[in-house]
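As the structure is a computational prediction, the values presented were derived from the model and not from experiment.
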Amino acid sequence: MARTFICTCEDVTVKDVRRAFEKGYRDLESVKRYTGIGTGPCQGKTCLAIAARELLKLGATPGEVMPFTVRPPLHPTFFSALASLDPEALPLDEGVPRKPAPVEKPRPSGALPKKAHVVIVGGGIMGLGLAYNLAKRGVTDVVLIERGYLTGGASGRNGGGVRAQWTTPTMIRLAQRSLAIGDSFAAEMGINTWFRRGGYLFLAPSKKQVERIEKNAVLHNEHGMRTRVLTPAEAKDVVPELDPTRFLAASWNPDDAVVFPWPYVWGYATRAEALGVKVLTFTRVTGFESEGKRLTAVKTDQGTIQADIVVNAAGAWSPEVAALAGVKLPNEPERHEILVSEPLKPFLGPLVSNLGNGLYFSQSLRGEIVGGMADPNEPEGIQMGSTLRFLSRFARALTEVMPITGGVKVMRQWAGCYDVTPDNNPILGAAGYDNFLQLNGWVGHGFMMAPAVTELMAGWMAGDPPDEIFERFTLSRFERGETAGEDFIIG
């Protein structure tokens, strides 16, 4: 049977768009994330208007088909050209796009029930993973509310890395479990996640960094990992295109992995809904009702829902949500930018990271270089705009360590927010109220830890004894001064 394509870059058909609409993903951003339209070489130039027209025919509102904004550069540009710019001469501002003009609000994806046993605030991988694992344990009276569209936050904006190379036994254990879940996630959820164990290669450019990875490797080996410290020549056997003069040694674990983040989110959402969970998008929390030591209801812009348990899994917006209940969290949102290049033939196996400047990059199964890099001068606050300064900093760092990439063009860029705590560890468990559970503060590694953590938290909420993470990573640790932190954060 002939197929009618809407996006020939990503092989998206009219049927695919209709299927997304039938699932409740009415707005153009959600449909983009669900189908992949607009993410290929044409960047939406040919498919966007056709998809919008199809959604309007299906019943979407004009507000729901407001086009997603094309991020600069508008024209693909070589990394070498971007690297020639002086990043220090470029502003670290809000970036592009700035706040759009008010438009008709997209509709919520369903009616708000009057009561639920568990209300989860936040439709990222933490909230959706918890919803799925609760339902899997038989706790199906669960409502998840998301202020925007699924994958609109950090879960849809990250590099998709999943590594076990951490510096504490706890994080190693969680990451190893998440990797194990990743091996079977596609089969369990019925969705392709492009999960591949290509390994992580951490480059150490200084003696201090070498000592750091040597110490970590001992710990990793004690926990059954195959981490090895490589010489620059040995690292070139793993990635031949690296410039070996740019680092002194490298930490290599072939069992670390990279995934495509969006299917993880969709997989959890679809399976959770199939088990009875209600997932409601475009529904914003506006406050809470309480009685004594317990929250009794969640107030939203769509109505009020009575709840026995409330979970705050709102990522960078968690402090804002907690404040509505009068609970102060120390988390601070921080913008991190990321980009993709034009697609190339497969040449890069692992995710590579430079511990000296926080650069990281991998190659997707579609051939694109996907990478990011933190900016130490980035101020705290929720900013989602993209900057030329990031492009320049990233291009310089990438072409220094892998000069061959100078002739590769950047296709698009975007930004998301880390949910940063003072010790780079999460905040878990009850805070402020006996039934107000925190599942946030994961800095930049929430995506990779979510499968393991949500499995543990669902078990605990369903009656299992609490894992030690729910006793260690409480909000009260900051009052006790127990803030020994995780320092192996990249990006």
Side-chain angles (χ1 to χ4, degrees), residues 1-77 96-110 123 146 148-153 156-157 191-194 260-263 265-267 269-270 279 281-282 338-343 364-368 370 384-386 409-415:
M1 182 179 293
R3 298 190 295 170
T4 304
F5 286 96
I6 283 183
C7 172
T8 53
C9 296
E10 299 299 320
D11 289 345
V12 179
T13 66
V14 171
K15 188 175 181 181
D16 294 326
V17 172
R18 290 175 180 171
R19 185 183 302 117
F21 188 85
E22 289 169 359
K23 283 180 169 289
Y25 308 126
R26 307 166 55 94
D27 61 292
L28 202 51
E29 280 279 8
S30 290
V31 175
K32 170 193 172 187
R33 300 290 179 114
Y34 189 77
T35 63
I37 59 169
T39 62
C42 91
Q43 293 293 282
K45 293 183 180 66
T46 57
C47 63
L48 190 58
I50 303 172
R53 189 164 62 240
E54 182 63 25
L55 289 173
L56 286 171
K57 283 167 49 181
L58 293 170
T61 67
E64 288 168 332
V65 297
M66 283 293 292
F68 45 83
T69 307
V70 177
R71 272 64 166 172
L74 298 175
H75 303 288
T77 306
V96 179
R98 295 179 177 84
K99 289 183 179 178
V103 297
E104 182 186 351
K105 186 179 177 184
R107 299 177 187 174
S109 53
E146 162 58 41
Y149 58 89
L150 300 184
T151 71
R157 297 172 179 271
I191 191 168
N192 185 5
T193 62
W194 288 271
F260 186 29
W262 296 355
V265 176
W266 294 122
T270 302
V279 178
T281 55
F282 296 106
I338 190 169
L339 58 75
V340 298
S341 76
E342 61 185 329
S364 74
L365 288 183
R366 300 194 306 186
E368 307 144 326
V370 182
M384 305 289 262
S386 298
K409 294 175 182 175
V410 177
M411 290 301 296
R412 58 191 173 96
Q413 65 181 115
W414 64 92

Side chain to side chain contact (heavy atoms under 4.5 Å, CB included) assessment of Phe260 paired with Asn192:
CA-CA 9 Å; Phe260 186 29; Asn192 185 5; over 6 Å; no
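- Counting only heavy atoms from C-beta outward, the side chains of Thr281 and Asp27 never approach each other to under 4.5 Å.
- Contact of the Ile338 side chain with the Arg157 side chain is not registered, since no non-hydrogen atoms from C-beta on lie closer than 4.5 Å.
- Taking 4.5 Å as the limit, every side-chain heavy atom of Arg18 sits out of range of all side-chain heavy atoms of Thr13.
- Atom CZ of Arg53 and atom CG of Leu48 lie 11.0 Å apart (nearest 0.5 Å).
- Exactly one of Glu54, Lys57, Arg26 qualifies for a side-chain contact (heavy atoms from CB on, under 4.5 Å) with Phe21. That residue is Arg26.
- Two residues are said to be in side-chain contact when any heavy atoms from C-beta on lie closer than 4.5 Å; Trp194 and Pro263 meet this criterion.
- Residues Ile6 and Cys47 come closest through the heavy atom pair O-CB, 3.3 Å.
- Between Phe5 and Asp11, the shortest heavy-atom distance links the atoms CE2-CA, 3.7 Å.
- Between Tyr149 and Phe282, the ring planes lie tilted relative to each other; the angle falls in the 30° to 60° range.
- Nearest heavy atoms, Ala415 versus Gly385: CB-O, 3.6 Å.
- The two residues Val12 and Asp16 have their closest heavy-atom pair at CA-OD2, 3.5 Å.
- Relative orientation of the Trp266 and Tyr34 rings is perpendicular, given thresholds of 30° and 60° on the angle between their planes.
- Closest approach of Arg33 to Gly156, counting heavy atoms only: NH1-O, 2.9 Å.
- Atom-to-atom distance recorded for Ile37:CD1 and Cys9:SG is 11.5 Å, nearest 0.5 angstrom.
- Once rounded to the nearest 0.5 Å, the distance linking OG of Ser341 with CE of Met411 reads 8.5 Å.
- Smallest separation of non-hydrogen atoms from Ser386 and Trp414: OG-CA, 3.4 Å.
- In this structure, Val31 and Leu55 have side chains that are in contact, with non-hydrogen atoms separated by less than 4.5 Å.
- A donor-acceptor pair is defined here as one N or O able to donate and one able to accept, closer than 3.5 Å; such a pair exists between the side chain of Ser109 and the backbone of Val279.
- Annotation: side chain of Val340 is in contact with side chain of Val370 (closest heavy-atom distance under 4.5 Å).
- The pair Glu22-Arg19 fails the salt-bridge criterion, with no side-chain N (NZ, NE, NH1 or NH2) lying under 4.0 Å from an Asp/Glu carboxylate O.
- Put simply, the side chain of Glu10 never gets that close to the backbone of Thr35: no donor and acceptor are under 3.5 Å apart.
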